[in-house]
Amino acid sequence: MDNGTSEKKTIKSINPANNQVVKEYPVMDDREIKDIIQKADNAFQDWKKRPFAERAEVLNKVAALMRERKNELARLCSIEMGKVFNQGVGEVELCAGIYEYYAKNGEKLLADTPLETPVGKAFVAYEPMGVILSVQPWNFPFYQVVRSSAPHIMAGNTYVLKHSSNVPQCADAIHQLFKDAGAPEGIFSNLFIPGSKVDELINYPEIKGVTFTGSEAAGRKIAAAAGQAIKKHVLELGGSDPLIVLEDADLDIAVKLAAMGRLANAGQVLHRLNESLLWNKSQSNSLPRRKLSMNM
């Protein structure tokens, strides 16, 4: 489900526990979209020249603010996508660690790499690309954004996020973290638009790359649009994992892990357990254990 559609005037934050609208964000028009992308491109022209230490300082400040506001951010996860509060806290702490990792290691990871060659000298250089469009899902509303924004921003790119329309408050909170950390305007931006507008965004000349996590159907459309525009893109699509229980397995452990694999993160994980394959001799004892586990 995606709460934003081309017919709607607002992106709604809806609490899945009671279906109540918590907050609404106006859908941005073409002028606003163009302005945000232009500001991101303008910011890139300067950000790409900033030393690694300065970029790292911003990421470290964002990480510190995430830890300071972890309870507030975790509550947003619960309100917008139903995540258990403690799991939300864990997600936020993980995200802070990711920003800190790239702040610490980014310069080393992006250093020129010499190549052996029989003639002359050669090396691999990593150069910033420009404005990166990121389209992310709602199941891990902070982690999905952080794991892609951290390396891009450290590398000197700027980042424009079209988050899932289910989690607009989470998207807004990340943007606020960058503002409060003193990041220059345009380094991290939000677009409150329906998913139907994404194809158009890819055609903006300022957009130099696309990163996407979501369904195979949406991924095909993004890949087609990016291919047509000859723009680099990274896709993470779908997922399906079985639990295979062999004859010599400890069924108590297997059932416990099956419940965890199915129910973790409110069951909203791409690689969650979708089916169990049981060895014949294991089946007679497994069903009561599974029912008990599911009731816990």
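These numbers come from the heavy atoms of this one structure, side chains and all, not from hydrogens, waters or symmetry mates. Computed from a predicted structure; not experimentally measured.
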| task | May I ask you to test the Val210-Lys232 pair for a side-chain heavy-atom distance under 4.5 Å? | result | no

| query | Just wondering, do Leu237 and Phe212 contact through their side chains at under 4.5 Å, heavy atoms? | reply | yes

| said: For residues Val146 and Val89: do they belong to one hydrophobic cluster (side chain heavy atoms under 4.5 Å, members Ile, Leu, Val, Met, Phe, Trp, Tyr)? | reply: no

| Would a distance-only check, ignoring hydrogens and angles, find a side-chain to backbone donor-acceptor pair under 3.5 Å from Lys231 to Ile207? | yes

| Nearest heavy atoms of Arg55 and Lys49, plus distance in Å | NH2-N, 4.4 Å

| said: Between the side chains of Arg220 and Glu216, is the shortest nitrogen-to-carboxylate-oxygen separation below 4.0 Å, so that they form an ion pair? | reply: yes

| Going from CG on Asp112 to CZ on Phe123, what distance comes out if it is rounded to the nearest 0.5 angstrom? | 5.0 Å

| field | Which atom of Ile193 lies closest to which atom of Lys162, heavy atoms considered | value | O-CE, 3.1 Å

| message | Please determine whether side chain to side chain contact (heavy atoms under 4.5 Å, CB included) holds for the pair Asp180 and Leu177, giving the CA-CA distance in whole Å, both sets of side-chain angles, and the decisive distance to 0.1 Å. | response | CA-CA 5 Å; Asp180 293 346; Leu177 287 168; 6.0 Å; no

| message | With clusters defined by side-chain heavy atoms of hydrophobic residues (ILVMFWY) lying less than 4.5 Å apart, directly or transitively, does Leu110 cluster with Phe44? | response | no

| request: Give a yes or no on whether Val135 and Leu235 share a hydrophobic cluster (residues Ile, Leu, Val, Met, Phe, Trp, Tyr; joining criterion: side-chain heavy atoms under 4.5 Å apart). | output: yes

| query | In Å, rounded to the nearest 0.5 Å, how long is the span from CD of Gln169 to CD1 of Ile79? | reply | 6.5 Å

| Once you round to the nearest 0.5 Å, how far does CD of Glu93 lie from CG of Leu73? | 11.0 Å

| Any side-chain heavy-atom pair of Ile36 and Met28 under 4.5 Å | yes

| task | Please test Asn166 against Ile14 for side chain to side chain contact (heavy atoms under 4.5 Å, CB included), starting from the C-alpha separation and ending with a verdict. | result | CA-CA 7 Å; Asn166 292 43; Ile14 298 175; over 6 Å; no

| message | Would you compute the distance between atom CH2 of Trp138 and atom OG1 of Thr213 and round it to the nearest 0.5 angstrom? | response | 14.0 Å

| task | Indicate yes or no: at least one non-hydrogen side-chain atom of Met129 is less than 4.5 angstrom from one of Lys48. | result | no

| message | For the residue pair Ser134 / Tyr159, report whether a side-chain donor-acceptor contact shorter than 3.5 Å exists. | response | yes

| said: If you apply the rule side chain to side chain contact (heavy atoms under 4.5 Å, CB included), what do you find for Tyr25 with Thr10, and how did you get there? | reply: CA-CA 5 Å; Tyr25 293 80; Thr10 61; over 6 Å; no

| task | Could you check Thr158 against Asp41 for side chain to side chain contact (heavy atoms under 4.5 Å, CB included), going step by step and ending with a plain yes or no? | result | CA-CA 7 Å; Thr158 54; Asp41 187 57; over 6 Å; no

| task | Give a yes or no answer on whether the side chain of Asn190 reaches the backbone of Ala171 with a donor-acceptor pair at less than 3.5 Å. | result | yes

| note | Rounded to the nearest 0.5 angstrom, the NZ-CG distance for Lys34 and Leu201 is 13.5 Å

| Is any side-chain heavy atom of Ile187 closer than 4.5 Å to a side-chain heavy atom of Val58? | no

| request: In sequence, state the C-alpha distance, the side-chain angles, and the governing distance for Lys61 and Glu57, and then conclude on salt bridge (charged side-chain N to carboxylate O under 4.0 Å, His left out). | output: CA-CA 6 Å; Lys61 286 182 178 178; Glu57 182 180 3; 3.4 Å; yes

| query | Do the non-hydrogen side-chain atoms of Tyr126 and Thr113 ever get within less than 4.5 Å of each other? | reply | yes

| Within a strict 4.5 Å, meaning less than it, do heavy atoms of the Tyr102 and Leu109 side chains meet? | yes

| message | For Gly120, is there any backbone N or O sitting under 3.5 Å from a side-chain donor or acceptor partner on Thr117? | response | no

| query | Are side-chain heavy atoms of Ser148 and Gln136 found at a separation under 4.5 Å? | reply | yes

| query | Taking all non-hydrogen atoms of both residues, which atom of Tyr99 and which atom of Ala63 are closest, and how far apart? | reply | CB-CB, 4.0 Å

| message | Using modelled atom types and a 3.5 Å cut-off, is there a donor and acceptor pairing between side-chain atoms of Lys83 and backbone atoms of Asn139? | response | yes

| said: Using a strict threshold of under 4.0 Å (side-chain N to carboxylate O), is an ion pair present between Asp46 and Arg50? | reply: yes

| Do the side chain of Glu80 and the main chain of Ser13 share a donor and acceptor less than 3.5 angstrom apart? | no

| Electrostatic pair Lys39:Asp35 at N-O distance under 4.0 angstrom | yes

| Can you check whether Ala150's main-chain N or O pairs, donor with acceptor, with His152's side chain at less than 3.5 Å? | no

| Is the number of heavy atoms from other residues, nucleotides or ligands under 6.0 Å of Glu54 CD greater than 12? | yes

| field | Salt bridge present between Lys197 and Asp29 (N-O < 4.0 angstrom) | value | no

| Sidechain-backbone polar pair: Asn157 side chain, Ile132 backbone, donor-acceptor under 3.5 Å | no

| query | Which distance, rounded to the nearest 0.5 Å, do you find between the CD1 of Ile98 and the OG of Ser149? | reply | 8.5 Å

| field | Short side-chain to backbone donor-acceptor contact, His163 and Cys170, under 3.5 Å | value | no

| request: Indicate the atoms forming the closest heavy-atom contact of Met66 with Val92, along with that distance. | output: O-CG1, 3.5 Å

| query | Under 3.5 Å, is there a donor-acceptor pair between the Gln176 and Asp172 side chains? | reply | no

| Taking every non-hydrogen atom, the tightest pair across Pro141 and Cys77 | CG-SG, 3.7 Å

| request: May I ask you to decide if Phe142's main-chain N or O and Glu91's side chain share a donor-acceptor pair within less than 3.5 Å? | output: yes

